[in-house]
Amino acid sequence: QVRLAESGGGLVQPGGSLRLSCVASGRTFSRYTMGWFRQAPGKDREFVAAVTWSSGSTRYADSVKGRFTISRDNAEATVYLQMNSLKPEDTALYYCAADPLRVLPTTPREYRYWGQGTQVTVSS
């Protein structure tokens with residue numbers, strides 16, 4: 001059973017930074033893609049970033065390019081999302097997701113496993 005546990009969310013002022021973590025357990029993830037999504041109230045869940053566990057290849061949504069960085073620590077089985085220059089529109093519930101088959105997918109339906117989410121609020 002795959003388990004994904006997010007942490008690191010919180011309240012931050014515009015222009016600030018946060019680092020989200022996602023600890024993965026229950027499988028060998030060497031061929032997985034790990035992704036971050038977010039969902040604001042009343043909106044659809046949207047792709048933020050993804051990384052392949054094996055090679056570290058990445059993909060980002062245009063809205064976060066240059067501000068967010070996704071990375072993984074194989075030894076710790078943890079995926080990170082470093083978020084800088086945060087804006088109020090980044091406010092959302094952030095989810096970690098994993099898929100064993102596809103390479104860097106960008107839609108929610110392409111991911112098999114999900115965490116419970118961690119809230120990020122950007123406000124002054």
Side-chain angles (χ1 to χ4, degrees):
Q1 181 73 16
V2 172
R3 295 188 63 185
L4 304 175
E6 305 98 331
S7 63
L11 173 64
V12 64
Q13 292 186 342
S17 298
L18 280 175
R19 188 177 80 159
L20 306 184
S21 300
C22 172
V23 178
S25 61
R27 283 284 191 276
T28 300
F29 294 95
S30 60
R31 289 193 293 271
Y32 277 57
T33 286
M34 306 296 295
W36 285 98
F37 285 76
R38 65 187 182 187
Q39 188 166 19
K43 295 189 176 181
D44 293 335
R45 192 169 298 190
E46 66 171 358
F47 173 75
V48 175
V51 63
T52 58
W53 207 278
S54 56
S55 68
S57 297
T58 58
R59 178 173 288 171
Y60 294 93
D62 288 344
S63 59
V64 306
K65 279 181 182 176
R67 300 189 299 124
F68 291 11
T69 302
I70 189 171
S71 61
R72 85 272 188 256
D73 182 329
N74 290 355
E76 298 295 326
T78 301
V79 177
Y80 301 100
L81 185 68
Q82 178 66 45
M83 306 186 295
N84 299 328
S85 302
L86 282 161
K87 305 175 182 179
E89 51 263 44
D90 294 317
T91 295
L93 188 60
Y94 282 70
Y95 295 92
C96 179
D99 191 78
L101 299 176
R102 299 172 180 87
V103 179
L104 299 173
T106 60
T107 63
R109 65 179 179 83
E110 295 179 285
Y111 284 81
R112 184 177 299 185
Y113 304 107
W114 291 86
Q116 294 300 307
T118 184
Q119 178 67 39
V120 172
T121 302
V122 184
S123 175
S124 55

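This is a predicted model, so every value here is computed, not measured. The residues of the chain are indexed from 1 along the displayed sequence.
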Has Gln82 got a side-chain atom pairing as donor or acceptor with Arg19's backbone, closer than 3.5 angstrom?
no

Cut-off 3.5 Å, side chains only: do Ser55 and Ser57 have a donor facing an acceptor?
yes

Any donor-acceptor pair under 3.5 Å linking the side chain of Arg102 with the backbone of Glu110?
yes

First locate atom OH of Tyr113, then atom CG of Asp99, and finally report the distance between them rounded to the nearest 0.5 Å.
8.5 Å

Hydrophobic cluster membership, Val120 vs Ile70, 4.5 Å side-chain cutoff:
yes

With under 30° as parallel and over 60° as perpendicular, where do the rings of Phe68 and Tyr94 fit, or are they tilted in between?
tilted

Consider only side-chain heavy atoms of I, L, V, M, F, W and Y, link residues closer than 4.5 Å, and tell whether Val48 and Leu93 are in one cluster.
no

Applying side-chain contact (heavy atoms from CB on, under 4.5 Å) to Ser17 and Asn84, what does each step give before you reach the verdict?
CA-CA 4 Å; Ser17 298; Asn84 299 328; 2.9 Å; yes

Does Leu20 belong to the same Ile/Leu/Val/Met/Phe/Trp/Tyr cluster as Val122, with side-chain heavy atoms less than 4.5 Å apart forming each link?
yes

Step-by-step side-chain contact (heavy atoms from CB on, under 4.5 Å) determination, Arg38 to Leu81
CA-CA 12 Å; Arg38 65 187 182 187; Leu81 185 68; over 6 Å; no

Between Tyr80 and Asp73, which heavy-atom pair has the shortest distance, and what is it?
CE1-CB, 4.0 Å

Determine whether a donor-acceptor pair (N or O, by modelled atom type, separation under 3.5 Å) exists between the side chain of Thr33 and the backbone of Leu104.
yes

I'd like to know if Leu4 and Tyr95 are part of one continuous hydrophobic network [Ile/Leu/Val/Met/Phe/Trp/Tyr, side-chain heavy atoms within less than 4.5 Å].
no

If you round to the nearest 0.5 Å, how far is CG of Asp44 from OG1 of Thr107?
12.0 Å

Stepwise side-chain contact (heavy atoms from CB on, under 4.5 Å) test for Asp90 and Met83
CA-CA 9 Å; Asp90 294 317; Met83 306 186 295; over 6 Å; no

For the CD atom on Gln119, are there more than 12 heavy atoms of other groups (residues, nucleotides or ligands in this structure) within a distance under 6.0 Å?
yes

Residue pair Pro14 / Ser123: nearest heavy atoms and the distance that separates them
CD-C, 3.6 Å

What is the distance from atom CG of Asn74 to atom CD of Glu76, rounded to the nearest 0.5 Å?
10.5 Å

Flag, side chain of Arg72 to backbone of Ser54, donor-acceptor distance under 3.5 Å
yes

Answer yes or no: is there a donor N or O on one side and an acceptor on the other, between the side chain of Glu6 and the main chain of Gln116, under 3.5 Å?
yes

Ignoring hydrogens and angles, tell me if any N or O in the side chain of Arg67 forms a donor-acceptor pair with the backbone of Ser85 under 3.5 Å.
yes

Tyr111 and ring pair (Phe, Tyr, Trp, His ring centres under 6.0 Å): which single residue from Tyr32, Phe37, Trp36 fits?
Phe37

Check against salt bridge (Lys or Arg N to Asp or Glu O under 4.0 Å), Asp62 and Lys65
CA-CA 5 Å; Asp62 288 344; Lys65 279 181 182 176; 3.2 Å; yes

Side-chain heavy atoms nearer than 4.5 Å, only ILVMFWY residues, links allowed to pass through others: does that put Val51 and Trp53 together?
yes

